[in-house]
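Source: prediction; values computed, not measured. Along the sequence shown, residues are numbered consecutively beginning with 1. When reading the values below, keep in mind they use all heavy atoms of this one structure, side chains included, and skip hydrogens, waters and symmetry mates.
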Amino acid sequence: MSSKIHKDLLHFPAASQDRQIDAMMHELMDLSPDAIFFKDGDGRWLWVNGAGVQLFGLEGISYYGLSDQELAHLLGPDSCFTRHHMQSCSGTDEKAWQAGAPWRGEECVLVNGELTRHFDVIKTPLFGPDGARRGLLGIRRDISEQMQAYSKIHYLANYDSLTGLPNRTLFQEQFAQVLATAKAQEQLLAMLFLDLDRFKDINEAHGHGFGDTLLQSVTKRIKGCIRASDMLARLGGDEFALIQVNPSHVDDAERLAQRLIQAFSRPFNIHGHEIHSTVSIGITRYPFDGQDVQQLLQNADIAMYRAKREGRNQSRIYTADMSTQTQARVALEKNLRRALAKREFLLHYQPQVDLQTGQIVGMEALLRWQRPGFGIVPPAEFIPVAEESGLIIPIGEWVLREACTQNKLWQDAGLPSLRMAVNISARQFGLNGRFMTEMVDQVLKESGLMPEYLELELTESLVMANPEQTAHILHRLKDRGISISVDDFGTGYSSLSYLKRFPIDKLKIDRSFVRDITHDDADAAIVNAVISLGHSLNLQVIAEGVETTEQLEYLRQEGCDGIQGYLFSRPMPAIALTQMLRKVRPFEINSSK
Ligand SMILES: Nc1nc2c(ncn2[C@@H]2O[C@@H]3COP(=O)(O)O[C@H]4[C@@H](O)[C@H](n5cnc6c(=O)[nH]c(N)nc65)O[C@@H]4COP(=O)(O)O[C@H]3[C@H]2O)c(=O)[nH]1
């Protein structure tokens with residue numbers, strides 16, 4: 001440890017007579033965890049305290065009277081007295097001299113040639129009465145840990161730790177900067193808003209760890225489609241944003257969107273599972289679709305929603321009329337929420353008739369909204385919004401409870417025991433299987449309905465969205481004695497392999513094929529094919545939307561098992577169906593109605 005103090009410089013007037021105080025000052029400086037040092041007016045080292053000796057690697061070195069350069073030479077390239085350090089150190093010495101007053105700032109030092117350390121440095125120049133430089137007093141505090149903590153905080157505040165991408169905060173800052181440049185230089189700018197399709201379902205089905213890995217893979221895949229100049233960020237959840245800086249053509253963003261959609265067509269391999277994940281993209285372009293960050297972001301979000309509503313796995317460029325429609329959608333969502341609370345929903349029931357016996361063998365529960373001032377609103381007008389907003393989950397639970405309770409009431413009243421079919425939406429099914437089966441169990445228990453009098457109607461697209469999970473849940477439901485039917489058959493996926501893998505009881509031929517069955521050969525061929533396919537797999541086949549006796553006759557001859565349609569009955573309120581069931585008389589299959 002160094003002990004030589006240059007007496008002229010360490011001259012404390014009040015204590016000069018008191019050697020004890022001098023010694024105490026000396027001791028105190030030596031004890032300080034900060035490095036303290038003195039140099040003379042020419043920048044030659046005079047004294048360094050213990051912490052400084054350690055920091056600078058001066059143990060056993062006679063540094064007294066040496067300049068920075070001489071010390072650097074003496075200590076060699078592995079010391080902290082590297083050229084870089086010397087430059088920085090001498091530079092800040094000079095700043096203090098120039099200021100003529102204490103100077104405070106930061107120095108960044110490579111210690112032992114590897115670790116970058118940050119110092120908070122105070123340098124005080126000392127001048128003689130004649131104004132000549134007499135010495136320099138320096139204190140250097142190691143703030144590396146604080147700096148590390150600061151950069152961690154900065155990272156956490158600005159980056160998404162899962163994907164390493166800028167988060168919404170940083171993205172908005174970066175976006176504002178590039179937008180300002182685009183404005184100043186009259187350049188184009190495009191922003192793409194990406195939202196994964198059905199990510200919530202995947203997350204809920206496979207767990208959050210799985211969802212996180214998918215998001216990381218998605219990030220890699222997006223990065224593979226973009227240029228170094230494009231700016232990608234994760235805005236949160238399954239939302240990503242992408243800025244195309246100064247695209248050469250106004251259509252570039254759309255082309256990029258197509259590349260991204262194409263890249264998502266390959267399945268992702270997550271923990272050994274093949275996952276099909278698609279993406280919906282909304283696009284805005286400066287200066288056409290907004291003038292500031294918020295407007296461009298919001299409009300891209302609106303366009304993305306449009307892409308979702310029109311079938312997902314596609315992109316849409318923002319247009320002004322989308323905003324008006326979005327406002328209407330938001331208002332509808334608000335009203336749906338209220339409708340649930342105010343019990344404005346009701347069910348109509350449509351009978352299903354056996355084509356051999358003419359007997360009613362079941363019925364389908366169909367949701368209606370008795371909206372004050374609007375009359376009865378059909379489901380097509382509000383179910384898509386209920387699905388998008390997630391409201392279909394409580395609404396669907398209400399439908400199931402109401403339908404089961406009503407069916408049990410009919411049975412208790414001595415009316416024929418029939419199977420009640422209830423539509424299940426993808427959102428309900430996408431929830432983790434336990435919730436779905438527990439919900440069904442709970443409703444059956446509360447209503448007292450036996451499971452064999454319940455049928456769940458799923459669409460083909462729902463079944464195929466996540467085949468593994470769907471198969472698992474269907475088996476659990478089937479084990480309870482519940483029937484499963486596939487609605488709108490023929491309109492969705494062409495993959496028929498699921499028919500064998502899933503415990504399905506019934507296929508429902510979509511009414512779009514039934515409509516022209518008697519005069520369109522293609523439709524007739526599809527219907528025939530579905531009937532024979534169903535029968536070869538031991539499934540019941542029922543046709544929807546039967547309106548004429550010709551359609552009925554055709555279906556009967558082709559061996560279809562059942563029908564549902566206006567020819568026999570429109571969907572009706574419970575009270576009307578009660579009356580119909582009371583007078584139950586077989587429907588005359590062979591005669592015109
Ligand atoms: N033109 C014509 N139409 C007929 C005929 N027979 C029945 N329909 C109509 O065809 C639809 C059959 O229901 P879906 O295919 O399950 O199609 C349903 C179903 O996908 C959905 N939906 C209805 N209720 C619910 C529900 O509670 N939950 C869910 N998730 N979806 C529901 O809304 C769709 C439309 O329901 P609705 O408007 O009630 O329309 C019903 C019914 O009124 C006919 O002979 N001719």
Side-chain angles (χ1 to χ4, degrees), residues 154-155 157-197 199 212-266 268 277-308 312-319:
H154 181 263
Y155 182 84
N158 289 284
Y159 289 86
D160 163 45
S161 52
L162 183 70
T163 59
L165 293 175
N167 64 12
R168 185 181 282 269
T169 315
L170 182 57
F171 172 75
Q172 286 185 331
E173 269 173 38
Q174 293 176 334
F175 194 1
Q177 280 167 14
V178 290
L179 186 60
T181 312
K183 282 184 181 177
Q185 301 180 359
E186 297 190 346
Q187 292 171 343
L188 284 173
L189 198 69
M191 124 122 237
L192 286 80
F193 194 109
L194 287 75
D195 189 292
L196 303 189
D197 298 327
F199 178 74
D212 285 353
T213 316
L214 176 61
L215 288 170
Q216 289 168 329
S217 305
V218 160
T219 305
K220 272 196 210 136
R221 208 164 280 188
I222 299 175
K223 280 183 175 172
C225 298
I226 61 178
R227 297 199 188 127
S229 56
D230 296 337
M231 290 156 62
L232 176 64
R234 181 176 171 217
L235 300 186
D238 56 352
E239 289 174 355
F240 294 82
L242 187 52
I243 299 177
Q244 252 188 340
V245 182
N246 193 17
S248 45
H249 195 273
V250 72
D251 295 335
D252 280 4
E254 215 178 352
R255 275 195 280 272
L256 173 58
Q258 286 320 308
R259 273 208 307 280
L260 289 162
I261 288 166
Q262 183 61 32
F264 274 71
S265 63
R266 278 179 290 122
F268 291 85
S277 179
T278 55
V279 63
S280 298
I281 304 175
I283 303 171
T284 41
R285 294 140 324 155
Y286 170 79
F288 313 111
D289 309 319
Q291 296 303 308
D292 59 44
V293 168
Q294 282 322 319
Q295 215 179 10
L296 286 162
L297 205 58
Q298 191 182 323
N299 290 346
D301 188 20
I302 289 173
M304 184 277 295
Y305 259 102
R306 174 58 67 94
K308 279 214 187 284
R312 302 184 174 94
N313 192 23
Q314 54 190 325
S315 68
R316 288 287 178 274
I317 295 180
Y318 172 79
T319 54

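- Shown here are the side chain to side chain donor-acceptor pair (under 3.5 Å) partners of S161, two or more places apart in sequence or in another chain: there are none.
- T284 places a side-chain N or O within donor-acceptor distance of the main-chain N or O of L296, the cut-off being under 3.5 Å.
- For D212, there are no side chain to side chain donor-acceptor pair (under 3.5 Å) partners, not counting sequence neighbours.
- Although no hydrogens or angles enter the test, the distance criterion places no donor-acceptor pair under 3.5 Å between the side chain of R316 and the main chain of A300.
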What pairs of donor and acceptor atoms, side-chain ones from residues 230-245 against any protein atom, are under 3.5 angstrom apart with sequence neighbours left out?
residue : atom : partner : partner atom : Å
D230    : OD2  : R227    : N            : 2.9
R234    : NE   : G237    : O            : 3.0
R234    : NH1  : D160    : OD1          : 3.0
R234    : NH1  : D160    : OD2          : 3.1
R234    : NH2  : G237    : O            : 3.0
E239    : OE1  : R168    : NH2          : 3.4
Q244    : OE1  : A253    : N            : 3.2

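- Side chain of S217 to main chain of T213: a donor-acceptor pair is present (N/O by atom type, distance under 3.5 Å, no hydrogens or angles).
- Side chain of N158 to backbone of H154: a donor-acceptor contact under 3.5 angstrom is found.
- For F288, the side chain to side chain contact (heavy atoms under 4.5 Å, CB included) test picks out L188, V250, R285, with sequence neighbours left out.
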Run I222 and F264 through side-chain contact (heavy atoms from CB on, under 4.5 Å) and show every step you take.
CA-CA 9 Å; I222 299 175; F264 274 71; 4.1 Å; yes
Return a table of donor-acceptor pairs under 3.5 angstrom between the side chains of residues 172-179 and protein atoms on other chains or two or more places apart.
none

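- Take E186 and apply the side chain to side chain donor-acceptor pair (under 3.5 Å) test, not counting sequence neighbours, and it matches no residue.
- Residues passing the side chain to side chain donor-acceptor pair (under 3.5 Å) test with Q187, sequence neighbours excluded: Q185.
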Verdict with reasoning, Y318 to I302, per side-chain contact (heavy atoms from CB on, under 4.5 Å)
CA-CA 7 Å; Y318 172 79; I302 289 173; 4.3 Å; yes
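- For the residue pair A263 and C225, the shortest heavy atom distance occurs at CB-SG, 3.6 Å.
- Between the K220 side chain and the L215 main chain, no donor and acceptor come within less than 3.5 Å of each other.
- In this view, Y305 satisfies the ring-ring contact (aromatic ring centres under 6.0 Å, His included) rule with no residue, not counting sequence neighbours.
- Under the salt bridge (charged side-chain N to carboxylate O under 4.0 Å, His left out) criterion, D292 pairs with no residue at all, not counting sequence neighbours.
- The two residues P287 and Q291 have their closest heavy-atom pair at O-NE2, 2.9 Å.
- Contact between A303 and I283 at its shortest, heavy atoms only, is CB-N, 3.9 Å.
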After noting the C-alpha distance and the side-chain angles of D195 and V279, does the key distance pass the side-chain contact (heavy atoms from CB on, under 4.5 Å) rule?
CA-CA 6 Å; D195 189 292; V279 63; 5.8 Å; no
Between F193 and N299, does a side-chain contact (heavy atoms from CB on, under 4.5 Å) hold up when you go through it step by step?
CA-CA 9 Å; F193 194 109; N299 290 346; over 6 Å; no
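- Every residue two or more places apart in sequence or in another chain that forms a side chain to side chain contact (heavy atoms under 4.5 Å, CB included) with D197 is listed here: T278, S280, K308, R312, N313.
- In this structure, D289 CG and T319 OG1 are separated by 8.5 Å, a value rounded to the nearest 0.5 Å.
- Every residue was checked against the ring-ring contact (aromatic ring centres under 6.0 Å, His included) condition with Y286, not counting sequence neighbours, and none meets it.
- Remark: R259 engages L256 in a side chain to side chain contact (heavy atoms under 4.5 Å, CB included) (not counting sequence neighbours).
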